[in-house]
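Both backbone and side-chain heavy atoms feed into the values below; hydrogens, waters and symmetry mates do not.
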Amino acid sequence: MSEGKRVAKLEIEGKIHELPIFSPTAGPDVIDIRKLYANAGVFTYDPGYTSTASCDSTITFIDGDKGELLHRGYPIDQLAGKSHYLEVCYLLLYGELPSPAQLEDFESRVTNHTMIHEQMHFLFRGFRRDAHPMAIMVGVVGALSAFYHDSTDISDPWQREVASIRMIAKMPTIAAMAYKYTIGQPFEYPRNNLDYASNFLRMCFAVPAEDYEVNPILSRAMDRIFTLHADHEQNASTSTVRLASSSGANPFACIAAGIACLWGPAHGGANQACLEMLREIGTPNRIPEFIARAKDKDDPFRLMGFGHRVYKNFDPRATVMKQSADEVLELLGIENNPTLQVAKELERQALADPYFAEKKLFPNVDFYSGIILEAMGFPTSMFTPIFAVSRTIGWISQWKEMIADPQLKIGRPRQLYKGETLRDYVDIEKR
């Protein structure tokens with residue numbers, strides 16, 4: 001991003017204020033308003049920060065009109081089609097695709113940090129068995145700082161590196177343990193001879209009583225889910241991580257904050273909401289009824305898994321995810337599953353309806369990822385924890401970038417106050 005000689009002129013109470021304009025390498029120009037309050041005595045008003053650039057970043061770029069998602073300049077469809085999750089992790093974390101030697105070293109470091117401290121097992125026992133896995137993950141990830149004191153000093157580049165590797169490595173283990181705990185099964189330790197996605201599937205579905213072999217198609221589908229959710233620019237949970245980080249909090253606390261934000265149904269819980277909607281529809285013959293409801297502006301019902309706040313024409317991740325969904329459904333031979341039948345027919349009818357074409361309501365990545373996870377045997381309560389595993393690398397990369405930024409300042413949004421003005425206290429007996 002460069003600062004040119006162009007300025008935006010803003011007239012406030014008869015006085016002209018000149019604001020510098022920054023030009024990014026991609027995307028719209030940005031007006032620098034940092035001195036606006038000092039010079040003009042006014043704030044900007046932008047609920048949801050939808051028109052505000054809160055930082056500069058070199059990690060991820062989204063062009064919603066074009067349906068484009070780039071990680072360090074590489075299109076997501078190329079990365080998902082030709083790469084695998086840990087290679088994308090390396091790219092996000094260090095800025096370039098790794099050489100074979102670099103990738104081997106990185107994979108080795110991640111693999112050798114997948115176990116968690118044995119004492120942490122007792123943390124899980126403090127939760128009720130019916131606790132939501134996300135509740136467990138928020139608590140356990142936040143508690144990592146109580147066990148790994150040698151990687152909490154954010155001023156030390158080496159400790160930041162160690163913390164990054166630890167979180168990428170341990171998040172699948174923690175998510176799998178949360179799942180096992182809620183279904184009453186014993187924990188499965190990670191295996192160093194398995195790849196990242198296969199290891200996660202084994203920790204979720206293996207039991208001590210029998211051998212477990214990971215199907216390569218399921219492993220590849222799981223890896224794609226991780227890859228397609230790895231980072232998504234300055235979304236709600238990433239912004240939460242950055243805001244928490246700006247105070248100087250340790251990295252484990254910051255990632256726990258991101259997990260808490262991701263829990264919301266408007267963010268990481270979207271694919272869970274999509275599956276619940278499909279179950280509500282129940283049978284394909286009820287689809288026209290629900291499509292009619294989605295078109296009715298007086299009906300609060302909306303089709304979950306369709307459209308996207310950022311992408312205006314199509315979600316570039318959805319094409320790859322649909323391919324994985326078709327592969328998984330064919331492999332498992334469950335095309336006749338009632339929920340999946342509803343999903344496929346809903347997709348067909350919605351795409352053929354001019355209303356949805358005009359509104360640009362297309363199946364997004366959450367629609368297909370929910371179908372895949374359901375087919376694999378994951379309960380909907382595990383959908384968001386899996387999203388958290390995927391997004392950890394994005395959070396960590398954004399966190400590392402922010403901590404190294406010489407312009408780092410604690411986040412402090414302002415407000416448009418609409419409350420009472422100054423008034424005197426009234427004693428209780430006079431109220």
Side-chain angles (χ1 to χ4, degrees), residues 57-60 70-76 78-117 141 144-145 147-176 188-203 214 216 219-220 222-231 241 245 250-252 254-255 386 388-405:
S57 180
T58 62
I59 299 171
T60 297
L70 308 178
H71 291 326
R72 306 287 191 179
Y74 294 100
I76 186 62
Q78 291 185 21
L79 292 172
K82 300 180 179 180
S83 188
H84 63 277
Y85 181 66
L86 284 186
E87 187 173 11
V88 174
C89 287
Y90 187 100
L91 171 67
L92 291 172
L93 201 57
Y94 303 116
E96 298 292 343
L97 288 170
S99 68
Q102 289 171 328
L103 181 58
E104 183 180 0
D105 173 69
F106 181 71
E107 290 178 333
S108 175
R109 285 187 288 144
V110 170
T111 300
N112 288 308
H113 279 88
T114 50
M115 289 182 64
I116 64 170
H117 195 290
V141 173
L144 287 171
S145 58
F147 291 85
Y148 299 102
H149 309 292
D150 60 342
S151 55
T152 57
D153 182 359
I154 64 172
S155 64
D156 184 344
W158 174 246
Q159 291 199 32
R160 295 201 298 267
E161 175 71 12
V162 172
S164 301
I165 297 297
R166 278 177 170 160
M167 274 186 283
I168 297 166
K170 297 181 191 305
M171 201 64 73
T173 307
I174 293 171
E188 285 288 332
Y189 286 90
R191 296 280 295 271
N192 288 356
N193 63 332
L194 295 175
D195 62 75
Y196 195 86
S198 298
N199 209 6
F200 176 66
L201 289 173
R202 183 187 175 280
M203 287 189 290
V214 182
S219 177
R220 178 58 177 155
M222 190 80 256
D223 190 87
R224 279 179 174 165
I225 288 176
F226 288 157
T227 298
L228 293 171
H229 290 88
D231 192 50
V241 171
S245 311
N250 73 74
F252 305 110
C254 296
I255 301 306
I386 290 170
V389 173
S390 313
R391 186 53 56 84
T392 295
I393 180 57
W395 293 332
I396 287 295
S397 300
Q398 300 271 351
W399 170 77
K400 283 190 72 179
E401 181 181 65
M402 181 180 184
I403 296 301
D405 188 350

*asked:* Would the distance check show the side chain of Glu401 and the main-chain N or O of Thr58 forming a donor-acceptor pair, the cut-off being under 3.5 Å?
replied: yes

*Just how far is it from atom CG of Asn192 to atom CE of Met115, taken to the nearest 0.5 Å?*
9.0 Å

*CD1 of Ile59 to CG of Leu93: how many Å apart, nearest 0.5 Å?*
8.5 Å

_Whether the side chain of Ser397 engages the backbone of Gly394 through a donor-acceptor N/O pair (distance < 3.5 Å, no angle test) should be reported._
no

*Tell me, do Phe147 and Ile116 make a side-chain contact under 4.5 Å, heavy atoms counted?*
no

*Mutual orientation of the aromatic rings belonging to Phe226 and Tyr85 [parallel < 30°, tilted 30-60°, perpendicular > 60°]*: tilted

*Taking everything shown except Glu161 itself, do over 12 heavy atoms lie less than 6.0 Å from its CD?*
yes

*Any chance you could measure Leu92, atom CG, to Thr392, atom OG1, to the nearest 0.5 Å?*
12.0 Å

*Less than 4.5 Å apart, any side-chain heavy atom of Val88 and any of Ile393?*
no

*Parallel under 30°, tilted from 30 to 60°, perpendicular over 60°: which one fits the rings of Tyr90 and Phe106?*
perpendicular

*Work out which heavy atom in Asp153 is nearest to a heavy atom in Arg160; give both atom names and the distance.*
O-CG, 4.4 Å

*Minimum heavy-atom distance Ala80-Thr227, with the two atoms named*: CA-CG2, 4.1 Å

*Carboxylate-amine/guanidinium contact Arg72 Asp231, below 4.0 Å*: no

*Less than 4.5 Å apart, any side-chain heavy atom of Lys170 and any of Phe252?*
no

*asked:* Using side-chain heavy atoms (C-beta onward) and a distance below 4.5 Å, is Gln398 in contact with Val241?
replied: no

*Can you tell me how far OG1 of Thr114 sits from CZ of Arg191, rounded to the nearest 0.5 angstrom?*
11.5 Å

*How about Ile386 and Met222: do any of their side-chain heavy atoms sit closer than 4.5 Å?*
yes

*Grab the two heavy atoms, one from Ala388 and one from Trp395, that are nearest each other, plus how far apart they are.*
O-CZ3, 4.0 Å

*When rounded to the nearest 0.5 angstrom, what distance separates OG in Ser245 from CD1 in Ile255?*
7.0 Å

*Can you see which heavy atom on Tyr196 is nearest to which on Ile168, and at what distance?*
OH-O, 2.6 Å

_Heavy-atom closest contact (Ser219 atom, Ser198 atom, distance)_ = OG-OG, 2.7 Å

*At what distance, to the nearest 0.5 angstrom, does NE2 of His113 lie from CD1 of Ile165?*
7.5 Å

*Could you pull out the closest heavy-atom pair between His149 and Gln159, with the gap in Å?*
O-OE1, 4.2 Å

